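First the structure, in the form of structure tokens, and then the observations on it.
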Amino acid sequence: MATKQRSRQRRSNSSRDRTPHYVAPVLDPTWQSPYAPSGAERHANERAVRLFVVRKRMPQTIIAGVVALALVAGVFIVPWMPGVGVVVALLYAWDLRRSLAGYERRGLSLGAVMLDQFEEGGTSKDRQRLITVIDRLAATFGVNGVSAFIVDDPGYNAALVPNGDDFSLFVTSAMMRDFELIELEGVVAHCLARQRLGQLTRESVASATPLSDENRRLLAGAGMAYRADEVAAAAIRYPLGLAGALRKCASKQVPRDSFFATSKFNDWRWIWFDIRCDRAERDLSDLDDVEIRALALEEW
């Protein structure tokens, strides 16, 4: 009898041992959502202008460095030559810093320059509608001091542009007329996401500085619009709204009387929501093309 009880006890214990043990969940403190801008990402975008200026002036930097070193080495010939070398190095560093500040000032003045390019458009209802969307999203993206401007243009586009310490948001009258509220919200969220990602400085400098098309592309950063779409869609939690806006942009050809059909748009293209709106055919190999951007959001 005792043997049978011990056997049953062993079977009971064995059964309990096979029961899965509870494991408390452990959160990874280093995890970050891929759809949220990281500090490193913002820092890289904010340093893009500085790196561009340094690379652009690399030949002058090498010459100034060689001259300064030669003067320092001249201590064996004339005792005061190293002092001259130090002065040369300091003067060049000051000039490099002044050049960088000049680039950044051009970007900060872009909003005021663009205001002179357009005429006011839209209705008072359109303006109230746009202001309501901005008020709702600005706090979400941590962007303050945004002034809204509806510009008279038959093309679909929008841009958030630095204007001194504040920002100017330009939206075309055609976009205000033809886009649903949820689509307009997606467009505004995209523009605000560019600032949240630190892209706006590099894009505004690329637009405001006389550069070749290739240098503008390098400074602004190709594929940046695709990344801003991700951040915007995650913030508004409705990617199909932004996808619908991109689809409408993809289906519309730029009218001949639109600003986006002029050569000036080519200078400023990197600051706009639809960077390639003047493209005759869609290019699915280009991450900035509205067609591929729409497809990506529709697959979420």
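The first residue of the sequence shown is numbered 1, and numbering continues consecutively from there. Computed from a predicted model, the values in this text were never measured in an experiment.
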> Taking Lys248 for the side chain and Asp178 for the main chain, is one N or O donor matched with an acceptor at less than 3.5 Å?
Replying inline: yes
> Do any N or O atoms from the side chain of Gln199 and from the backbone of Asn45 form a donor-acceptor pair under 3.5 angstrom?
Replying inline: no
[atom2] on [Y] to [atom1] on [X], rounded to 0.5 Å:
X	Y	atom1	atom2	value
Gln128	Ser124	CD	OG	8.5 Å
Ile292	Leu284	CD1	CG	5.0 Å
Leu108	Arg106	CG	CZ	12.0 Å
Ser212	Arg217	OG	CZ	10.0 Å
Leu219	Thr209	CG	OG1	7.0 Å
Asp152	Met176	CG	CE	13.5 Å

> Do the rings of Trp268 and Phe259 sit parallel, tilted or perpendicular, given the 30° and 60° boundaries?
Replying inline: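 Correct class here is tilted.
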>> Using 30° and 60° as the class boundaries, would you call the ring planes of Phe118 and Trp272 parallel, tilted or perpendicular?
In response: perpendicular
What pair of heavy atoms forms the shortest contact from [X] to [Y], and how long is it?
X	Y	value
Gly221	Trp270	O-CZ3, 4.4 Å
Asn266	Arg269	OD1-NH2, 3.0 Å
Ala232	Phe141	CA-CZ, 4.1 Å
Leu137	Ala189	CD1-N, 3.8 Å
Val171	Ala158	CG2-CB, 4.1 Å
Thr201	Ser204	O-OG, 3.0 Å

Any link between [X] and [Y] through a network of hydrophobic side chains (Ile, Leu, Val, Met, Phe, Trp, Tyr) touching at under 4.5 Å?
X	Y	answer
Leu115	Ile134	yes
Ile182	Leu240	yes
Leu90	Val54	no
Val49	Leu160	no
Ile275	Leu192	no

Quick one: side chain to side chain donor-acceptor pair (under 3.5 Å) partners of [X], sequence neighbours excluded?
X	value
Ser168	Asn163
Ser285	Asp283
Asp267	none
Arg256	none

Pairs where [range] contributes a residue and the test ring-ring contact (aromatic ring centres under 6.0 Å, His included) is met, not counting sequence neighbours:
range	answer
residues 275-300	Tyr35-Trp300
residues 197-223	none
residues 183-221	His190-Phe273

If a pair satisfies salt bridge (Lys or Arg N to Asp or Glu O under 4.0 Å) and one of its residues is in [range], list it, with sequence neighbours excluded.
range	result
residues 114-143	Arg136-Glu185
residues 188-211	Arg194-Glu203
residues 285-300	Asp229-Arg293, Arg247-Glu291, Arg247-Glu298, Arg276-Asp286, Arg279-Asp286, Arg279-Asp289, Arg282-Asp289

>> Using the salt bridge (Lys or Arg N to Asp or Glu O under 4.0 Å) criterion, which residues pair with Arg105? Sequence neighbours excluded.
In response: none
> By salt bridge (Lys or Arg N to Asp or Glu O under 4.0 Å), which residues pair with Asp95, not counting sequence neighbours?
Replying inline: Arg57, Arg98
> Does a donor on one side chain sit under 3.5 Å from an acceptor on the other, for Thr61 and Tyr92?
Replying inline: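 Side chains of Thr61 and Tyr92: pair found under 3.5 Å.
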Is it true that, when you exclude [X] itself, more than 12 heavy atoms of the residues, nucleotides or ligands shown sit nearer than 6.0 Å to its [atom1]?
X	atom1	result
Gln60	CD	yes
Asp257	CG	yes
Lys56	NZ	no

Sub-4.5 Å side-chain heavy-atom contact between [X] and [Y]:
X	Y	value
Leu200	Pro162	yes
Tyr156	Asp274	no
Leu169	Cys191	yes

> Where do Val187 and Val133 land on the side chain to side chain contact (heavy atoms under 4.5 Å, CB included) test, with the steps shown first?
Replying inline: CA-CA 10 Å; Val187 172; Val133 173; over 6 Å; no
> Yes or no on side chain to side chain contact (heavy atoms under 4.5 Å, CB included) for Asp166 and Val146, after CA distance, side-chain angles and deciding distance?
Replying inline: CA-CA 6 Å; Asp166 297 322; Val146 180; over 6 Å; no
> For Asp153 and Ser258, what are the C-alpha separation, side-chain angles and deciding distance, and is it a side chain to side chain donor-acceptor pair (under 3.5 Å)?
Replying inline: CA-CA 6 Å; Asp153 196 280; Ser258 170; 2.7 Å; yes
> Would Arg42 and Glu46 count as a side chain to side chain contact (heavy atoms under 4.5 Å, CB included) if you check the C-alpha gap in whole Å, the side-chain angles of each, and the deciding distance to 0.1 Å?
Replying inline: CA-CA 6 Å; Arg42 283 183 55 84; Glu46 289 167 353; 3.0 Å; yes
>> Within 45 degrees of the ring normal and closer than 6.0 Å to the centroid, is that where the cationic atom of Arg55 sits relative to Phe52?
In response: no
>> One pair to check against side chain to side chain contact (heavy atoms under 4.5 Å, CB included): Asp278 and Phe265. What are the steps and the verdict?
In response: CA-CA 9 Å; Asp278 56 341; Phe265 168 65; 3.7 Å; yes
